[in-house]
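Numbering of ligands and ligand atoms starts at 1, following listing order. Just the heavy atoms: all of them, side chains too, but no hydrogens, waters or symmetry mates, feed the values below. Just so you know, these numbers come straight off a predicted model, no measurement behind them. When a residue number appears, it is its place in the shown sequence, counting from 1.
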Amino acid sequence: MPRVYMDANATTPLLPEVMEAMRPYWMEHFGNASSIHQHGQQGRTAVDRARETMARFFNCHDAEVVFNSGGTEGDNTAIFGLLHPGDHFITTSIEHSAILEAAKRLARHGVETTFVAPQPSGLIDPVDILRAIRPETRLISVMLANNETGVLQPVEEISRIANETGIFFHIDAVQGAGKIEFDVRRFGCHLLSISAHKMHGPKGIGAMFVRRGTPIEPLLVGGSHERRQRAGTENVPGIVGLAKAAELAMHSLDDGTIYRLAQFRDRLEAAILQLPGTGVNGVGEDGKPGGSACHSGATEPSHVLMAMGLDKNRARASLRFSLLKTVTESDIEHVLRVVPEAVEHLRAMSPVVAGTLA
Ligand SMILES: Cc1ncc(COP(=O)(O)O)c(C=O)c1O
């Protein structure tokens, strides 16, 4: 039976162009980008070029791009790098665990966090963020797109609130990056994290936008890499791969790829909604559904869906479909052939459907 991958929010494969761009940097141009000899300078040039690409991707200065190991590190850096004992932190209850667990750890070090709950639509109301602000609030962190529902959050409005009240604002943009128009100046944030492997780049590499003058302390120390903001020998192949993925993502916003993807998503969704007893978890700002949801691999219902007020059974019965940029018509058709059968099969076995479990 053919297999179709519909879990792009978990990770994506490299696009061939990304693989090709990275290839010379494993063996041929293996130099340490910090070495002053020719081998090193080849690596340095590659990192500099990648930084220019990422600055275009973010719409910021080259000096505001910091390469790191991905979304988890970016999220942790924002929190551990800015918050001190006595500070107050505002985030949401639907963030990725890289934010939630970091906030929990800081609770043991005198940083209190307010977790703002979403509306039943999955949207965070900026007014709820405003209400949570205290004199000692130092940082607000809200995600751009939720990894489970796909709902896009009103980050520009939240940023306005943060800027007007003199609070730093971090966006976890891991899921939106490469899929929607990106502009850190328009977003108005001080910090923003992305990860290459969610946008057809390699795993274990990412980048952070750090607005000039943001007093963030590095998470890793030990070298002068990344303008002393992130110590560690640069992952040159990864950085080159990230930049290539970002370049391709910028094209895909212009060349119709994203529009085609949205059409496939809408088609998949409309067809699945024909099945009796189905629904969509989460509605975007435009009133349109943002996607469907699940918490893969877990038997516990998703914290995101529970925070949106879904009952446990519906949360447990939810499934996330997320599409690769390379998705084809026949992939969609295949899924639409197998899903109804699978749903019927699972419902036949389900104690909830049978009414033996509340
Ligand atoms: C919203 C969000 N933030 C952060 C992360 C963590 O990113 P990484 O896998 O690069 O550490 C993920 C990955 O699932 C994510 O979906």
Side-chain angles (χ1 to χ4, degrees), residues 5-14 18 54 57 65-81 91-105 115-116 118 122-124 139-155 158 169-180 182 187 189 191-209 219-220 230 232 235 238-239 241-243 245-246 249 281-282 284 290-298 302-305 307-308 318 320-324:
Y5 182 84
M6 289 262 157
D7 200 13
N9 285 12
T11 198
T12 57
L14 295 195
V18 174
M54 294 315 296
F57 182 77
V65 176
V66 180
F67 292 115
N68 62 17
S69 67
T72 301
E73 185 180 330
D75 289 353
N76 276 217
T77 303
I79 293 174
F80 297 130
T91 189
T92 81
S93 52
I94 55 169
E95 298 298 308
H96 189 268
S97 50
I99 294 284
L100 299 177
E101 294 297 319
K104 267 195 221 161
R105 178 182 284 192
F115 298 94
V116 171
L123 270 173
I124 297 297
L139 175 68
I140 298 171
S141 182
V142 177
M143 66 205 326
L144 180 61
N146 185 270
N147 44 311
E148 297 190 25
T149 62
V151 170
L152 290 170
Q153 300 300 340
V155 290
I158 296 170
F169 182 42
H170 167 252
I171 300 177
D172 172 345
V174 167
Q175 291 292 348
K179 293 181 194 146
I180 59 168
F182 225 70
F187 291 160
C189 54
L191 301 159
L192 179 143
S193 310
I194 66 161
S195 180
H197 77 97
K198 308 286 188 182
M199 47 192 267
H200 294 278
K203 294 172 182 54
I205 185 79
M208 207 176 180
F209 157 71
L219 200 61
L220 304 180
R230 202 273 184 180
N235 172 356
I239 289 170
L242 164 65
N281 298 328
S292 320
C294 85
H295 189 60
S296 69
S302 134
H303 72 282
V304 174
L305 300 184
M308 285 162 59
S318 295
R320 175 177 76 184
F321 294 88
S322 45
L323 311 185
L324 298 177

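- Met54 and Val65 make their closest contact through CB-CG1, 3.8 Å (heavy atoms, listed as atom of the first residue, atom of the second, distance).
- Side-chain N/O atoms of Glu101 and Ser97 include no donor and acceptor closer than 3.5 Å.
- The ring pair (Phe, Tyr, Trp, His ring centres under 6.0 Å) test applied to Phe187 returns Phe182, not counting sequence neighbours.
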Please tabulate protein-ligand N/O pairs under 3.5 Å for ligand 1, atom names and distances to 0.1 Å.
| from | atom 1 | to | atom 2 | distance (Å) |
| --- | --- | --- | --- | --- |
| ligand 1 | 3 (N) | Asp172 | OD1 | 3.3 |
| ligand 1 | 3 (N) | Asp172 | OD2 | 2.6 |
| ligand 1 | 9 (O) | His197 | NE2 | 2.9 |
| ligand 1 | 10 (O) | Gly71 | N | 2.8 |
| ligand 1 | 10 (O) | Ser195 | OG | 2.6 |
| ligand 1 | 11 (O) | Thr72 | N | 3.0 |
| ligand 1 | 11 (O) | Thr72 | OG1 | 2.6 |
| ligand 1 | 14 (O) | His96 | NE2 | 3.4 |
| ligand 1 | 14 (O) | Lys198 | NZ | 2.6 |
| ligand 1 | 16 (O) | Gln175 | NE2 | 2.8 |

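- Applying the side chain to side chain contact (heavy atoms under 4.5 Å, CB included) test to Ala103 and every residue at least two apart in sequence or in another chain returns Phe89, Thr113, Phe115.
- Among residues at least two apart or in separate chains, there is no salt bridge (charged side-chain N to carboxylate O under 4.0 Å, His left out) pair with a member in residues 195-209.
- A donor-acceptor pair shorter than 3.5 Å cannot be found between the side chains of Thr149 and Asn281.
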